[in-house]
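Lettering of chains follows the sequences in order, A, B, ..., and the numbering in each one begins at 1.
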Number of protein chains: 2
Amino acid sequence: MSGLRIKYLKPALVAEHLARADALCAATGARLTPLRRRVLELVVRSGRPVGAYELLDQMRACGHKGAPPTVYRALDFLQQQGLVHRIAMANAYVACSHPGCDHHALIFVCTECGNALELEETQVKASVAARAEAVGFRVPGQPIEVAGTCPLCQEGRP
Amino acid sequence: MSGLRIKYLKPALVAEHLARADALCAATGARLTPLRRRVLELVVRSGRPVGAYELLDQMRACGHKGAPPTVYRALDFLQQQGLVHRIAMANAYVACSHPGCDHHALIFVCTECGNALELEETQVKASVAARAEAVGFRVPGQPIEVAGTCPLCQEGRP
DNA sequence: AAACGAAATGTTATATTATAACGTTTTCAC
DNA sequence: GTGAAAACGTTATAATATAACATTTCGTTT
Ligand SMILES: [Zn+2]
Ligand SMILES: [Zn+2]
Ligand SMILES: [Zn+2]
Ligand SMILES: [Zn+2]
């Protein structure tokens, strides 16, 4: 993760994402409180996997007096609602690219720049499920992370 | 990872694993020093993913005066040689089940007991590779981790 | 053998990520 | 309104990992 390209989502897309989150939580009765919504907004806006302390810093920069548990609790909630995924290999959190869909996600994570690409996937999940059944493992629908190099980083990062 | 079942590999299997590591490193010219070999032995013996500090404690219990870098450096080396895999989702390290083979591994990790099962896989890797190519990602042959529940933990862990 | 440079290890300190524990406030059903 | 549950604030600490630099070991060259 050397040359981390800064990339922000367009405001319109952020608003759309948040509106969908509002609708989803309203439908399920989950409470997307202002605090949680603020954290989600920060995750969505960054448009890439972000660390918890990075989010915490942004919260503080906006005048919020918070401690780590604040952010981690919000992230836990957002993960439960399927609005955010944790990328274990990067210790980072990324907004789900298609929340609400009971999806089987495949997430490519670029080890150069830290960006991630989430795909709706059936083929990979099917082959994993088949292999899992063969050895008796039960696998829920959590996203599968795959490390790699993104197209931009394959060229000399322009 | 509540009821972590303790499980040790049989001494004969450990010796076999170490012998293979010796042969592999001899062939490539990599220096499997006593320290590195000792760390590998501890990883192999435990027969499941183990944390770096867990290994450090075991080193110390055997009279070795070491600090975290000691273990982390050895683990780095062992990973480079393909003798050990890091399980990102568990912050743990596990001995490769078939070192030397240029394998495409799929690792099922039980979130209940922490055990892991490494499989030689072609179907899953093939579908991942196809998907990666479609979006321009380049994916090296690192193991893919899949969270799940192992057969033993599905029953009431006997 | 002596000298040299590179690799490995020792050592200390610190960075990074995440959670425990407990008190206070807010929310919601009754 | 009242009580219970959920959410949030706050402090401290756990767990994981690395930076930085000194020392030792090792293989090679002279
Ligand atoms: Zn998703
Ligand atoms: Zn990239
Ligand atoms: Zn392996
Ligand atoms: Zn299990």
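If you measure from atom CG of B:D57 to atom C1' of D:dT16, you get 13 Å, rounded to the nearest angstrom. The interatomic distance linking B:Q79 (CD) with D:dA17 (C1') rounds to 12 Å, in whole Å. Note: CZ (B:R38) to C1' (C:dA8) measures 19 Å, nearest angstrom. Between A:R60 atom CZ and D:dT10 atom C1' there is a gap of 11 Å when expressed in whole angstrom units. Rounding to whole angstrom units, CE of residue A:M59 and P of D:dT10 are separated by 12 Å. For the pair A:L56 CG and C:dT19 P, the interatomic distance rounds to 14 Å; values are reported in whole Å. Rounded to whole angstrom, the span from the NZ atom of A:K65 across to the C1' atom of D:dT10 amounts to 10 Å.
Annotation: side chain of B:L40 is not in contact with side chain of B:R36 (no heavy-atom distance under 4.5 Å). Within the 4.5 Å cutoff, no side-chain heavy atoms of A:V94 are placed close to those of A:V84.
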**Asked** Should A:I107 and A:L117 be marked as a side chain to side chain contact (heavy atoms under 4.5 Å, CB included) after you check the CA-CA gap, both sets of side-chain angles, and the distance that decides it?
**Response** CA-CA 6 Å; A:I107 305 185; A:L117 177 63; over 6 Å; no
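Counting only N and O atoms by type, the side chains of A:Q79 and A:H85 include no donor and acceptor under 3.5 Å apart.
Taking a 6.0 Å sphere around CD of A:E133, one finds it holds 12 or fewer heavy atoms contributed by other residues, nucleotides or ligands.
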All N/O pairs under 3.5 Å across the protein-nucleotides 6-8 of chain D interface:
| from | atom 1 | to | atom 2 | distance (Å) |
| --- | --- | --- | --- | --- |
| D:dA7 | OP1 | A:R36 | NH1 | 3.2 |
| D:dA7 | OP1 | A:R36 | NH2 | 3.4 |
| D:dA7 | O5' | A:R36 | NH2 | 3.2 |
| D:dC8 | OP1 | A:T33 | OG1 | 2.5 |
| D:dC8 | OP2 | A:R36 | NE | 3.4 |

Show each protein N/O and nucleotides 16-18 of chain C N/O combination with a separation under 3.5 Å, one pair to a line.
| from | atom 1 | to | atom 2 | distance (Å) |
| --- | --- | --- | --- | --- |
| C:dA18 | OP1 | A:R86 | NE | 3.3 |
| C:dA18 | OP1 | A:R86 | NH2 | 2.2 |
| C:dA18 | OP2 | A:Y72 | OH | 3.0 |
| C:dA18 | OP2 | A:Y93 | OH | 3.4 |
| C:dA18 | O5' | A:Y72 | OH | 3.4 |
| C:dA18 | N7 | A:Y53 | OH | 2.6 |
| C:dA18 | N6 | A:Y53 | OH | 3.2 |

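Residues that satisfy the side-chain hydrogen bond (donor to acceptor under 3.5 Å, both in side chains) test with B:Q142, not counting sequence neighbours, are absent from this structure.
Not one N or O on the side chain of B:E145 forms a donor-acceptor pair closer than 3.5 Å with the backbone of B:V109. The backbone N or O of B:C110 sits nowhere less than 3.5 Å from a side-chain atom of B:T149 that would complete a donor-acceptor pair.
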